[in-house]
Amino acid sequence: MKTALIVSTTALLAGTSAMAQGGHVTFTEHVGISANWEMYSDDSYIASRAGCYEGLTRVSHDVTVEPWLATGWERIDPTTWEFQIREGVRFQDGSSLDAAAVANALTELLNAAVPARAFSPAVVSSVEATGPMTVAITTVEPIVTLPGRLAAPAAAILSPAAYGGRGVNPVGACTGPFEITEYDARQSVTLKRFDDYWGGDVQLASAQVRFIPDANTRSAMVRTGEVQIALRVPTEAVAQISAAPGADVIEASAPRITELLLNNGRAPFDNVLVRQAVKLAIDTAAISVAVYDGASPPAGGPFRAGEPWHSPNAPAVQRDLDKARALLAEAGVDPASLHLQILGIPTRTEQRDIAQIIQAMLSEIGIHVSIRIAEYTSIEPDMLSGNYDMALMSRGYLTDVPEPIGMLSADYSCAGTYNISQYCDPDFDLMLQAAAAEEDPDARYRAYGELAQYIYDQAITVFLVNETVFDAASSRVTGYRPHPQNYYVLSAEVSIE
Amino acid sequence: MRKIVLQRFTILLVMLFLVSVVAFCLPLLSGGDPARAIMLSRVSDMNLAPEAVEALRRELGLDRPLMAQYLSWLGSALQGDFGYSFATRQPVSAEIGRALGVSIILALSALGVALVVALPLGTMAAMRPGGKVDGFTTLLIQTLVATPEYWFAPVSILIFAIWLGFLPSAGWESWQSLILPAMALMLRPMAYFTQVTRAAMRDVLEAPYITAARARGLSMNQAVLHHGVRNGSMPVVTFFALWFAGLLGGAVVIEVIFAVPGMGRLLYEAVVNRDVPMLQGGFVAIVGLSIVINTIADVLYVVINPAMRGSHGH
């Protein structure tokens with residue numbers, strides 16, 4: 001009798017702990033569904049942040065790759081990886097996750113009309129179920145960052161039912177803690193708790209994503225309590241939100257740099273002395289204070305202090321006009337002969353201010369600068385072809401892969417697809433190739449740091465500030481913290497009092 | 001009246017053709033490669049994979065010659081098929097229909113309230129030129145005309161959503177969602193309607209038939225009510241039609257700030273997303289409707305004022 005009582009009490013307690021709290025959370029996105037859930041598009045990010053999409057791996061908040069729908073992986077030869085699929089996972093349509101479903105989802109990704117860059121045929125040649133719960137992925141070239149690529153929202157694993165129509169249909173097709181019940185591409189996505197979620201109790205009963213294009217309206221909605229989480233509120237709204245009762249601002253270091261790209265492919269910036277002179281003439285600390293209220297710190301190299309690939313010998317530059325003038329003289333360049341132009345884009349409103357500050361700073365060493373603010377699509381051809389002098393850019397360096405190899409390679413290698421700097425140095429390319437092939441993560445991160453140092457020393461680009469972003473959340477929300485790559489918002493742990 | 005309709009119909013066809021050409025060329029006019037531009041609107045990273053851009057170009061048919069793309073679109077459009085949105089993959093006509101419904105409700109609410117306020121205010125101001133009501137009206141008109149929507153909209157959110165907590169800040173989920181955007185939208189039309197009513201009523205009140213009505217023993221108020229308002233409201237009908245047509249696609253700022261899924265926001269997002277079929281369909285719908293609305297206004301003008309019958313041909 002006593003044993004029976006203990007057993008039933010234990011069962012009751014277990015039942016109580018398994019019972020989810022309930023509650024509803026709404027969070028805002030600034031753009032709606034723009035490509036009918038095509039995996040390559042940012043729609044995948046929306047579904048991932050909504051707690052619907054999950055991949056074989058995930059990126060933790062300290063930017064390390066962790067198992068998710070895969071429990072482990074092994075590189076069995078230079079181009080082949082084997083992933084063990086997690087047991088006991090169900091899709092929201094009731095079907096089971098197994099190797100066949102994973103192989104189907106990833107093969108659909110490879111065969112998509114428009115490939116996703118994180119997992120495209122340029123990177124991966126085949127995906128095969130080699131056992132009931134084992135999947136082999138073969139890459140085109142040896143690639144050490146494949147597990148990180150599989151964490152990209154574009155590489156989420158959906159049930160076979162998701163594919164086949166126009167685009168991808170995520171309704172009932174995810175494995176995540178939240179299930180999409182309905183959506184309006186321009187208005188909202190409605191979600192309910194997935195009761196059979198493999199990852200434990202889901203605290204919230206339901207959730208909603210609302211698409212609010214205006215940043216100030218998003219800020220207002222947190223203050224009124226209409227939404228509980230607003231992503232990426234403007235810096236100028238931070239003080240008001242912080243002062244509002246029941247709302248908090250959460251600061252996050254974004255893996256993103258605001259930089260001044262210099263055209264290394266033509267005079268005068270084909271001369272390292274001129275590049276260094278310009279770098280010394282720009283006061284990044286002043287830009288940080290004047291434009292960002294000091295929230296985004298002045299940058300030295302491309303990466304933020306504290307990141308594993310940050311180079312400690314690349315501090316923010318101390319402005320030194322005498323040295324800048326001396327460098328120009330050493331280069332044999334008369335600053336009065338320099339009439340240069342800075343390009344910027346209107347959607348990044350801060351770029352106009354930064355351009356004006358740089359214009360004033362460079363005039364102090366005699367360089368005349370004009371400013372052109374234009375739509376990105378209209379100036380991009382000139383930038384890519386090297387028909388420009390200087391350009392302001394806000395550049396993320398952990399997109400698709402949670403390591404900066406993608407950015408370093410695209411932006412600074414001779415064959416880089418985004419080499420706006422027009423920089424080409426075979427020595428740098430060799431360093432890059434060695435870093436990309438390094439299997440030991442710590443050694444690889446050090447190699448990235450050395451590449452960053454090289455860019456810093458050569459003044460290929462002038463790095464201005466490491467960007468800080470702000471999310472706003474109701475004080476009643478617990479379990480939410482901004483993700484560095486902005487991959488996740490809703491999770492089983494997010495709850496509301 | 002038939003002449004008006006026929007004339008307007010011809011203008012409609014010519015305008016629709018010109019608009020279709022302009023809408024088709026818009027993505028090209030903004031410079032750069034349209035396929036890259038579309039891709040850039042869909043992914044947050046500006047470093048695009050060249051193979052993805054080429055695949056998107058093929059998928060959207062942008063690899064075909066321009067003339068072939070245009071003729072193919074025109075052929076379908078003539079049969080009422082505006083194709084599928086690049087962004088949502090839903091039929092353009094259905095998306096436009098839905099957005100137009102929202103914009104019509106918003107525009108009619110804003111203009112309806114504006115009219116209800118403006119007609120009596122303008123009439124009262126006209127009846128006592130230089131009086132207190134006239135002074136107040138002039139001040140009000142000047143204030144409202146000088147009040148930008150992009151300023152008033154956030155201020156109204158601050159007051160009614162944040163401070164008072166009466167109304168939702170944004171969205172289109174209940175009738176309360178309509179109030180703030182309609183308030184912000186009605187300011188300028190209300191000012192113009194009041195001004196036009198005042199001016200028209202000034203003319204009407206000096207007309208011989210008002211003097212005759214007064215001579216027959218009617219009070220000023222009776223004369224205005226029975227003979228003045230009908231004639232004085234005619235210019236307002238034209239203004240109402242112009243504003244209505246304008247607001248259907250022109251309330252972009254308000255629809256973006258308040259996240260209203262109307263035509264303004266639809267077109268704004270189509271521009272941002274380089275959603276060419278949506279832009280083409282949306283432009284054609286807006287221009288077509290503007291001409292239809294103005295034609296109806298002209299017809300109404302003739303109906304209200306019998307004196308115009310037979311002479312009104314423009």
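Convention: sequence-line order gives letters A, B, ...; per-chain numbering from 1. In this text the structure is predicted, and so the values were computed from the model without any measurement.
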With rounding to the nearest 0.5 Å, note down the distance linking [atom1] in [X] to [atom2] in [Y].
| X | Y | atom1 | atom2 | answer |
| --- | --- | --- | --- | --- |
| Ile179(B) | Phe160(B) | CD1 | CZ | 9.5 Å |
| Ser85(B) | Ile96(B) | OG | CD1 | 9.5 Å |
| Tyr70(B) | Ser72(B) | OH | OG | 11.5 Å |
| Glu403(A) | Arg149(A) | CD | CZ | 10.5 Å |
| Arg232(A) | Glu29(A) | CZ | CD | 9.5 Å |
| Ile212(A) | Ser219(A) | CD1 | OG | 11.5 Å |

Looking at Ile38(B), Leu40(B), Asn47(B), Leu158(B), which one has more heavy-atom pairs under 4.5 Å with chain A than the rest? Asn47(B)
Greatest number of non-hydrogen atom pairs under 4.5 angstrom with chain A, of Glu51(B), Glu59(B), Met46(B), falls to Met46(B)
On the 0 to 90° scale, with breaks at 30° and 60°, tag the Trp73(B)-Phe82(B) ring pair as parallel, tilted or perpendicular.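 Trp73(B) vs Phe82(B) ring planes: tilted.
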For chain B, find which of [options] contributes the most heavy-atom pairs closer than 4.5 angstrom.
| options | result |
| --- | --- |
| Asp214(A), Asp411(A), Asp400(A) | Asp214(A) |
| Met393(A), Arg223(A), Arg395(A), Glu226(A) | Glu226(A) |
| Asp42(A), Asp184(A), Thr347(A), Asn216(A) | Asp42(A) |
| Met221(A), Arg218(A), Gln187(A) | Gln187(A) |

Using modelled atom types only, decide if a donor and an acceptor are shared between the side chain of [X] and the backbone of [Y] within a distance under 3.5 Å.
| X | Y | answer |
| --- | --- | --- |
| Ser177(B) | Glu173(B) | yes |
| Ser41(A) | Trp37(A) | no |
| Arg348(A) | Ile345(A) | no |
| Tyr388(A) | Ile420(A) | yes |
| Gln422(A) | Met383(A) | yes |
| Asp81(B) | Ser76(B) | no |
| Tyr488(A) | Val59(A) | yes |

Per-residue contact mode, [X] against chain B (heavy atom under 4.5 angstrom):
| X | answer |
| --- | --- |
| Phe211(A) | both |
| Asp382(A) | neither |
| Ile379(A) | neither |
| Thr399(A) | side chain |
| Thr28(A) | neither |

Heavy-atom proximity to chain A below 4.5 Å, by part of [X]:
| X | result |
| --- | --- |
| Arg265(B) | side chain |
| Ile162(B) | both |
| Met39(B) | side chain |
| Arg57(B) | neither |
| Glu95(B) | side chain |
| Leu56(B) | both |
| Pro154(B) | neither |

Identify the residues of residues 99-114 of chain B whose heavy atoms come closer than 4.5 Å to a heavy atom of chain A, ordered by number, or report 'none'.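 Those residues of residues 99-114 of chain B which would need a heavy atom under 4.5 Å from chain A do not exist here.
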Where is the tightest heavy-atom contact between Tyr487(A) and Ala151(A), given as atom of each residue plus distance?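 Looking at all heavy atoms of both residues, the closest pair is CE2-O, 3.5 Å.
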Looking only at heavy atoms, which two atoms of Ala374(A) and Ser378(A) are closest? And how far apart?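 Smallest heavy-atom distance, with atoms named: CB-OG, 3.8 Å.
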So do the side chains of Arg188(B) and Glu149(B) get within less than 4.5 Å of each other, counting heavy atoms only? yes
Heavy-atom side-chain proximity of Phe258(B) to Ile157(B) below 4.5 angstrom: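 Contact flag for Phe258(B)/Ile157(B) side chains = yes.
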Using non-hydrogen atoms and a limit below 4.5 Å, what part of residues 116-123 of chain A faces chain B?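 Arg117(A), Ser120(A), Ala122(A), listed by number.
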